[in-house]
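One structure is given here, and the rest of the page talks about it.
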Amino acid sequence: MKSVYMQPSLDGKLLITVYRTNVAEEWQAQSILETLALRFPGGCRFSFDLWDCDRVFRMESATNIDTEVVSLFRDQGFECEVL
């Protein structure tokens, strides 16, 4: 599984958030990662663990963007909740 990695924040302080999703396929995860990379072009890192029973999505960001991330997943027809 490829992940999209973006530049970390300049101060090096990142919030780490883990989400439970229902993303099942690698192509779905890749599509979401690409959308996130366009929507949040800096200071964030995103990755999926589709082998985990919770289909984990992990995000590192300089600011709290939980609401926007959950909305993005739901807009694309997926479930997403903070663990």
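The analysis underlying the following values was restricted to heavy atoms, covering all of them including side chains, and did not include hydrogens, waters or symmetry mates.
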- Interatomic distance, Leu33 atom CG to Glu26 atom CD [nearest 0.5 angstrom]: 9.5 Å
- Item | Euclidean distance, Asp75 CG relative to Thr35 OG1, rounded to 0.5 Å | 10.5 Å
- ILVMFWY network linking Leu15 to Phe48, side-chain heavy atoms under 4.5 angstrom: no
- Item | Nearest non-hydrogen partners of Val23 and Ala29, listed with the distance | CG1-N, 3.7 Å
- Query: In the hydrophobic clustering that connects Ile, Leu, Val, Met, Phe, Trp and Tyr at side-chain heavy-atom distances below 4.5 Å, which members other than Val56 occupy its cluster, ordered by chain and number?
  - Reply: Val18, Leu83
- Task: For the residue pair Phe46 and Phe57, categorise the inter-ring angle as parallel (less than 30°), tilted (30 to 60°) or perpendicular (more than 60°).
- Result: parallel
- Work out which heavy atom in Cys80 is nearest to a heavy atom in Val70; give both atom names and the distance. O-CG1, 3.6 Å
- Spatial distance of atom CG (Asn22) from atom CZ (Phe73) [nearest 0.5 Å]: 9.0 Å
- Query: About how many Å separate CZ of Arg58 and CZ of Arg45, when rounded to the nearest 0.5 Å?
  - Reply: 8.0 Å
- Query: Are the side chain of Ser61 and the backbone N or O of Cys44 linked by a donor-acceptor pair below 3.5 Å?
  - Reply: no
- Query: Any donor-acceptor pair under 3.5 Å linking the side chain of Ser31 with the backbone of Trp27?
  - Reply: no
- Got a second to check how far Glu25's CD is from Arg55's CZ, nearest 0.5 Å? 8.0 Å
- Item | Closest contact, heavy atoms only, Val69 versus Met59 | CG2-SD, 3.6 Å
- Worked verdict on Leu72 versus Gln76 for side-chain contact (heavy atoms from CB on, under 4.5 Å): CA-CA 6 Å; Leu72 187 140; Gln76 293 193 20; 3.9 Å; yes
- Message: For Glu79, I'd like to know if atom CD has over 12 heavy atoms of other residues, nucleotides or ligands within 6.0 Å.
- Response: no
- Item | Distance in Å, Arg39 CZ paired with Ile32 CD1, rounded so as to fall on 0.5 Å steps | 13.0 Å
